[in-house]
Amino acid sequence: MSSKPIEIQSDSSVIRQLDESAINRIAAGEVVERPASAVKELIENSIDAGANRISVVIANGGKTLLRVTDDGHGIATNDMPLAVARHATSKVDGADLVNIRTFGFRGEALASLAAVSRFKLTSRAAGFDATEINVTGGKFEGQRPAALSMGTIVEIRDLFFATPARLKFLRTERAESQAIFAVVKRLAMAEPSISFSVTQVINNGDRRESFRVEQEQGDLSEAMQSRLASIIGDEFVDNALLIDAECEVYHLIGYAALPTYSRGASISQYFFVNGRPIRDKMLTGVLRACYSDFIVRGRHPVAVIFIDCNPAFVDVNVHPSKSEVRFRDPNAVKGLLASALKKALESGGRRASKTVADGVLGAMQFEMPNQSNQNTYQTTSRGRSVSLPSIGFASMADNLSAEMVNDALSESETLNHPLGTARGQVHENYIIAQTATGLVIVDQHAAHERLVYEKLKKQVAESSAAAQALLIPEIVEFEQEDRALLLSVADELAKLGLVIEPFGGNAIAVRETPAILGEIDAKSMMHDILDELLDDGGTSKIQERIDDILSRVACHGSVRSGRRMRGEEMNALLREMERTPHSGQCNHGRPTYVELKLTDIERLFGRK
């Protein structure tokens, strides 16, 4: 079979040079994806110009109007036409594209915006008169004097009118507006010394200010904290842990919330590199891994992390939107963030989110007491008893170690302990403790679950968990695939003190169990471990599997709801919680206790 070579007509060129207008529209498609992208580029220009105040006005989600006004140093009259030319910028000279210290550096934003909209630029620099230029769909329409005291105004009308196909891909007015708010908030977090505002123009011409933050005062730490409180909320700051760490190249500072202050989505995770908002899978992965031990699946931590470094150690020219970066030493950044988060979470100790107590206060219901029950020391609710120490307690299973109980008994009963002194147990699940400043309500199962989990982790880290041999091995039947999966992690389970081996057919023999758990239901625990492995999907690292299994094992060996505890046992649990890191939340990210201050209690009864 023969093939004829392709013949190219000499009078017809296949390769052609695109005209300037087409080039600009293509560039705009890369740089300006939606109205929020335009706002981001314009605000970054304002920050680079040294602005102290930046205001944004939008209409119809930014589709019909975008106006960004700043009080920066402005643009000189003779530079105005160059400002909307492609690859024209005052920020770099092209000699060094590594040491970039400004947000903008490619000189594309204004030219791209002018190519796809009805564009007006008004500016005044010191020593010059104010000037205005207009560009429609990339066509320059002249320059003329204007009225402006100082700074720059960029007004964009009918964004993407020159590229109608792009308009079809924009979302609703509400969605586009929300995207603009998100962009402004992110940039405002990184620049607490600048005031920001966003105003929406309603269909009837009325204006509604939707967002405003003023310049923050004080040092950087105070200003950052105040700005984050204004944008994310006071609750975040109240429940956040300070992060501050550095190595030879990178300095990391920010805030990470307590595990009990989590969200149903990852939208409240903010990362900045040299003040630039970024998205980075490596950083979010580190954040997720550090919290995986404390937050239940489906919940996400809240954090605001700023990374500062010499610009030469990070490449910001990775993506047209400049929302991604590439670190010269990613392992150093990863290790620094992981160690900083670990240290912060450990410093949080037994703290639980203050919003938990606020939620309790908000859920309080007030009812007049039943006169017939006023002199009764034991009542029932939903079939469960309410017990007081003066009545006495039934003995519970030996799940609290004798060492814990003896430690508690050796100390004089005092209210000066952080978690106070136990005064009672209600519904056979909640310990009521009195502190010097209020009271604490402890979920006995959730609290002991965390204590057992931390002990197991420590034992495994130091060597292997101590095991106790069963007098008669427990034989458990499984499906063939499930049996194979469990046997594949037998070595890892042995480190936890759980020794299993094949026992003919589809059975597994459980010969040893973790000594720390005492007497347990081995069959039930094996099925729970299998569920954990199946949920994992077989893609997690072995250590993550071990931690997941440890959590299940700890849950099985914890004090169960419905078990009555003696006063010394309850106090032993409280003292152990005070000594154990991360005891403020159980293995599933739920709080283990709620603290109510005396002032809160008095307010409930109208005393304050």
Side-chain angles (χ1 to χ4, degrees), residues 17-49 51 54-70 72-92 102-125 128 130-146 148 151-167 169-170 176 180 183 320-322:
Q17 179 74 49
L18 294 176
D19 59 51
E20 190 70 15
S21 177
I23 292 172
N24 286 340
R25 290 198 300 273
I26 292 172
E30 296 178 344
V31 177
V32 185
E33 178 186 0
R34 60 193 304 188
S37 306
V39 171
K40 173 180 178 292
E41 296 289 344
L42 295 178
I43 290 180
E44 288 179 346
N45 280 346
S46 297
I47 295 172
D48 286 341
I54 300 173
S55 64
V56 180
V57 178
I58 62 174
N60 192 26
K63 300 174 189 177
T64 57
L65 172 65
L66 277 175
R67 184 187 299 122
V68 177
T69 304
D70 69 60
H73 55 59
I75 304 172
T77 303
N78 55 326
D79 284 340
M80 290 287 281
L82 272 176
V84 292
R86 289 189 72 233
H87 308 310
T89 179
S90 62
K91 300 169 185 179
V92 297
T102 55
F103 285 115
F105 55 87
R106 291 196 286 249
E108 290 182 316
L110 294 185
S112 298
L113 290 167
V116 295
S117 68
R118 307 185 198 280
F119 181 91
K120 181 166 74 173
L121 173 65
T122 308
S123 190
R124 182 179 184 179
F128 294 88
T131 306
E132 172 190 309
I133 63 172
N134 289 271
V135 184
T136 301
K139 182 180 178 181
F140 187 77
E141 296 184 341
Q143 178 174 337
R144 54 179 171 270
L148 185 64
T152 301
I153 303 174
V154 179
E155 182 177 288
I156 298 169
R157 292 187 178 272
D158 302 326
L159 184 64
F160 299 130
F161 91 94
T163 53
R166 176 56 63 89
L167 281 172
F169 290 91
L170 295 183
E176 296 298 341
I180 290 173
V183 163
S321 68
K322 295 173 286 186

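For this chain, numbers begin at 1 and follow the sequence in order. Given the structure is predicted, the values throughout are model-derived calculations rather than measurements.
Here the shortest heavy-atom pairing between Ala125 and Ala76 reads CB-N, 3.8 Å. Taking every heavy atom of both residues into account, Gly137 and Ala162 meet most closely at CA-CB, 4.3 Å. Ala38 and Leu113 make their closest contact through CB-CD2, 3.5 Å (heavy atoms, listed as atom of the first residue, atom of the second, distance).
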- Run the side-chain contact (heavy atoms from CB on, under 4.5 Å) check on Phe128 and Ile75 step by step: do they pass? CA-CA 9 Å; Phe128 294 88; Ile75 304 172; over 6 Å; no
- Task: Determine, step by step, whether Val56 and Ile58 satisfy the side-chain contact (heavy atoms from CB on, under 4.5 Å) criterion, reporting the C-alpha distance in whole Å, the side-chain angles of both residues, the deciding distance to 0.1 Å, and the verdict.
- Result: CA-CA 7 Å; Val56 180; Ile58 62 174; 3.9 Å; yes
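Of the residues Asp158, Asn134, Thr136, the one that meets the side-chain hydrogen bond (donor to acceptor under 3.5 Å, both in side chains) test with Arg118 is Asp158.
Atoms CZ and CD, on Arg124 and Glu132 in that order, are 14.5 Å from each other to the nearest 0.5 Å. Between the CZ atom in Phe160 and the CD atom in Glu33 there is a gap of 8.5 Å [rounded to 0.5 Å]. Note that CG of Leu110 is 6.5 Å distant from CG of Leu42, once rounded to the nearest 0.5 Å.
In this structure a side-chain-to-backbone donor-acceptor pair under 3.5 Å is present from Thr64 to Ala59. Looking at Asp70, its side chain does come within 3.5 Å of a backbone N or O of Gly72 through a donor-acceptor pair. Checked by atom type and distance alone, the side chain of Gln143 pairs as donor or acceptor with a backbone atom of Thr77 at under 3.5 Å. Of the possible donor and acceptor atoms, one in the side chain of Ser123 sits under 3.5 Å from a partner among the backbone N and O of Gly151. A donor-acceptor pair under 3.5 Å is formed between the side chain of Arg166 and the backbone N or O of Val32.
The closest side-chain heavy-atom distance from Val116 to Leu159 is below 4.5 Å. Using a 4.5 Å heavy-atom threshold, the side chains of Ile180 and Leu66 count as touching. Between Thr152 and Leu121 there is a side-chain heavy-atom pair separated by less than 4.5 Å. Side-chain contact between Lys63 and Leu170: present, with at least one pair of heavy atoms (C-beta onward) separated by less than 4.5 Å. Two residues are said to be in side-chain contact when any heavy atoms from C-beta on lie closer than 4.5 Å; Val135 and Glu141 fail this criterion. Side-chain atoms of Ile156 and Leu65, non-hydrogen and from C-beta on, never get closer than 4.5 Å to each other. The closest side-chain heavy-atom distance from Ser46 to Val68 is below 4.5 Å. Counting only heavy atoms from C-beta outward, the side chains of Arg67 and Thr69 approach each other to under 4.5 Å.
Note that Arg157 lies outside the cation-pi zone of Phe119, set by a 6.0 Å cut-off to the ring centre and a 45° limit from the axis.
For the pair Arg34 and Glu176, the salt-bridge criterion is met [side-chain N within less than 4.0 Å of a carboxylate O].
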